[in-house]
Amino acid sequence: MPRSEEAAAWTYAVYNAVREVPHGKVTSYGHIARLLGKPECPRQVGVSLKALLSATAQPDAHYNNSNVPWQRIINAKGGISPRGANGASQQATALEAEGVQVTRGALGEYTIDFTTYGWFPDRLPSDLSSEEEDEE
DNA sequence: AGCTTGACGGTGA
DNA sequence: GTCACCGCCAAGC
């Protein structure tokens, strides 16, 4: 498991938030971070998702690439980060399989229309009834 | 043990 | 409109 309880909580929160993303919809790293109360840490969202593919972040294999729709998380520009390139195409394919229209650029860039497929709630559905504490 | 990079994003120039 | 810098935390070297 992650190095600290705090880090683990963050990681789980990320996975939980990602699972809230409806089928056929996409959201951004930054939005997930915002929902978790860490608008300045979109990077950590990516870090956590990265760990999803590694055994490091799977203390009990409760979260893995099968039950967490990481494919629905793209960057704020509406595109899939280059990453390993190969993984990007895989993500694009997975999204298309859900009915999401993915525009393929000549440079291997993938773009999704947020206007049509974007999912940006102010608060997580499951977060409304309980959990968290911050208000304004 | 320390330094750099990385699935990003917002703001300032 | 584009380019550069900063923040955050963990993993890799």
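Fair warning: this is a prediction, and the values are worked out from it, not measured in the lab. In the text below, chain A, chain B and the rest are named by the order of the sequence lines, each starting its count at 1. Computation of the quantities below employed the complete heavy-atom set of this structure, encompassing side-chain atoms and omitting hydrogens, waters and symmetry-equivalent molecules.
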Write down the distance between [atom1] ([X]) and [atom2] ([N]), rounded to a whole number of angstrom.
X: A/L35; N: B/dC8; atom1: CG; atom2: P; answer: 18 Å
X: A/W10; N: B/dC8; atom1: CH2; atom2: P; answer: 14 Å
X: A/R72; N: B/dA7; atom1: CZ; atom2: C1'; answer: 17 Å
X: A/L49; N: B/dA7; atom1: CG; atom2: P; answer: 12 Å
X: A/K50; N: B/dC8; atom1: NZ; atom2: C1'; answer: 13 Å
X: A/F120; N: B/dC8; atom1: CZ; atom2: C1'; answer: 13 Å
X: A/I80; N: B/dA7; atom1: CD1; atom2: C1'; answer: 11 Å

Below 4.5 Å, heavy atoms only, C-beta onward: do [X] and [Y] meet side chain to side chain?
X: A/W70; Y: A/V21; value: no
X: A/R72; Y: A/L95; value: yes
X: A/P121; Y: A/H31; value: yes
X: A/W10; Y: A/Q44; value: yes
X: A/K38; Y: A/V45; value: no
X: A/E20; Y: A/W119; value: yes

If you take all heavy atoms of [X] and [Y], which pair is closest and at what distance?
X: A/Q71; Y: A/A94; value: NE2-CB, 3.6 Å
X: A/F114; Y: A/K77; value: CE1-C, 4.3 Å
X: A/S81; Y: A/N75; value: OG-ND2, 3.5 Å

Any stem touching DNA chain B, meaning at least three consecutive Watson-Crick or G-U pairs under 3.5 Å, ordered by first number, would be B:2-6 with C:9-13, B:8-13 with C:2-7
Give every pair of a protein N or O atom and an N or O atom of nucleotides 9-12 of chain B that lie under 3.5 Å apart, one pair per line with the distance.
from: B/dG9; atom 1: OP1; to: A/A76; atom 2: N; distance (Å): 2.4
from: B/dG9; atom 1: OP2; to: A/A76; atom 2: N; distance (Å): 2.8

Which value, in whole Å, describes the distance between the P atoms of nucleotides C/dC5 and B/dT4?
-> 15 Å
What interatomic distance, in whole Å, is found between P of C/dA4 and the corresponding atom of B/dT5?
-> 16 Å
Quick one: classify the glycosidic conformation of C/dA4 as syn or anti, with syn meaning within 90° of 0.
-> anti
